[in-house]
Amino acid sequence: MEEQSASRVVDAVFKVLIDGSKQDYIGEKISQLEHSLQAAASARHCSTDEEVILAALLHDIGQFATSADQKQMLCDATDITDLDSSALDNGAQQKKKQISVGVTGHERIGAEYLRQLGFSQKVSALVESHVPVKRYLTGKDPKYYEGLSAASKLSLKYQGGPYTEEQIIEFEKDPLYNLKVQLRQWDDAAKVVDLKVPDLESYRSMAVQHLMKTH
């Protein structure tokens, strides 16, 4: 891909992320963009390869790169005692209300969106993995479930629930298994209020160069 074309793709992707920053991060005190930037910063801090860093940055892009009528995962928030009430709108705090805990299949939507734009198979595969890894880890270690945020616990049942023993064994054969688990760990940790991390523009050159090398 030529540099000018790659720059246009990155412009479009970054606009999706910026527009997404106008939305709350389901039941958390930070925005979706802040969450994505924190995950990317963790990946960069570990000095991992650029494909993994980009996957961390873009792992939730399927939450936004969807049609207006994309099905939301709606859950009753009434009895959720550990859901951060300050992250909900006033109506949710005053009466029984359903909240959205994400777009159904957002990991698959995001992966396909990135493939179509020219991102590598590795980036797309890692983006597509972060929900299956959640199912893997909850099936592998019951303590992992207890450490999930309230919103993440709610969304799990819509995502298929914990993996079975057979699914766990099969998942561990994946050549990208370790990277996929690491990405999920960065995802889980990326919920810190007021954490200072590099901004979105700091990833522009990396994304452009990636697209130029991929095609």
Side-chain angles (χ1 to χ4, degrees), residues 1 6-7 9-21 23 25-26 28 30-66 102-137 144 148 152 155 159 171-192 195 197-215:
M1 186 181 296
S7 293
V9 170
V10 173
D11 285 342
V13 170
F14 281 14
K15 184 179 186 303
V16 170
L17 289 177
I18 291 168
D19 288 346
S21 73
Q23 304 177 31
Y25 176 44
I26 49 178
E28 307 290 349
I30 65 173
S31 71
Q32 286 275 6
L33 180 58
E34 289 172 319
H35 169 68
S36 297
L37 291 173
Q38 287 183 23
S42 293
R44 179 181 266 177
H45 179 73
C46 291
S47 300
T48 189
D49 69 76
E50 292 185 351
E51 288 176 299
V52 178
I53 296 171
L54 290 172
L57 177 67
L58 303 173
H59 74 277
D60 268 343
I61 198 163
Q63 297 279 15
F64 322 120
T66 61
V103 172
T104 304
H106 76 275
E107 73 285 0
R108 296 188 299 275
I109 294 168
E112 185 57 29
Y113 173 73
L114 294 173
R115 286 190 190 100
Q116 293 295 327
L117 290 178
F119 285 84
S120 71
Q121 175 58 29
K122 183 176 179 180
V123 170
S124 301
L126 290 173
V127 167
E128 193 166 12
S129 76
H130 73 281
V131 169
V133 174
K134 174 182 170 182
R135 298 181 61 200
Y136 162 76
L137 290 172
Y144 176 80
L148 292 175
S152 194
S155 62
Q159 294 163 339
F171 182 78
E172 290 175 347
K173 298 176 183 177
D174 190 323
L176 293 176
Y177 161 72
N178 288 323
L179 285 177
K180 289 179 176 181
V181 171
Q182 181 65 78
L183 178 61
R184 181 71 211 190
Q185 291 170 341
W186 293 326
D187 181 10
D188 289 334
K191 300 173 183 179
V192 182
L195 181 66
V197 296
D199 64 12
L200 185 58
E201 282 299 313
S202 69
Y203 298 95
R204 177 176 291 278
S205 177
M206 182 188 300
V208 169
Q209 292 299 316
H210 168 78
L211 288 166
M212 291 173 65
K213 289 185 292 186
T214 303
H215 286 270

Can you measure from [atom1] ([X]) to [atom2] ([Y]) and round to the nearest 0.5 angstrom?
X    : Y    : atom1 : atom2 : value
E50  : R44  : CD    : CZ    : 8.5 Å
Y203 : L37  : OH    : CG    : 6.5 Å
L117 : T214 : CG    : OG1   : 11.5 Å
S7   : M212 : OG    : CE    : 8.0 Å
L126 : I53  : CG    : CD1   : 12.0 Å

Just wondering, do [Y] and [X] contact through their side chains at under 4.5 Å, heavy atoms?
X    : Y    : answer
V133 : L183 : no
D187 : H35  : yes
F171 : K180 : yes
F119 : V9   : yes
K134 : E107 : no

Do D11 and K15 meet the salt-bridge criterion of a basic N to acidic O distance under 4.0 Å?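 Not counted as a salt bridge, because no side-chain N and carboxylate O are separated by less than 4.0 Å.
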Is K122 paired with D49 through a side-chain N to carboxylate O contact shorter than 4.0 Å?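 A salt bridge is present here (some side-chain N lies under 4.0 Å from a carboxylate O).
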Quick check: closest heavy atoms across [X] and [Y], and the distance to 0.1 Å?
X    : Y    : answer
V127 : A111 : CG1-N, 3.9 Å
L57  : F14  : CD2-CE1, 4.4 Å
A190 : I30  : O-CD1, 3.4 Å
G110 : I61  : CA-CG2, 3.9 Å
S36  : H59  : CA-CE1, 4.3 Å
W186 : S42  : CD1-CB, 3.4 Å

Mind checking side-chain hydrogen bond (donor to acceptor under 3.5 Å, both in side chains) for S124 and listing every partner two or more places apart, or none if nothing turns up?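 In terms of side-chain hydrogen bond (donor to acceptor under 3.5 Å, both in side chains), with neighbours along the sequence ignored, S124 is linked to no residue.
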Which residues satisfy the side-chain hydrogen bond (donor to acceptor under 3.5 Å, both in side chains) test with E51, sequence neighbours excluded?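 Per chain and number, E51 pairs via side-chain hydrogen bond (donor to acceptor under 3.5 Å, both in side chains) with S120.
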Hydrogens and angles aside, do E112 and Q116 bring a side-chain donor and acceptor to less than 3.5 Å of each other?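 The criterion, which ignores hydrogens and geometry beyond distance, is satisfied for Q116 and E112.
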Sidechain-backbone polar pair: [X] side chain, [Y] backbone, donor-acceptor under 3.5 Å:
X    : Y    : answer
H130 : R184 : no
N178 : V181 : no
Q38  : K191 : yes

What pairs meet the salt bridge (charged side-chain N to carboxylate O under 4.0 Å, His left out) rule with one or both residues in residues 123-132, with sequence neighbours excluded?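 Pairs touching residues 123-132 that pass the test: R115-E128.
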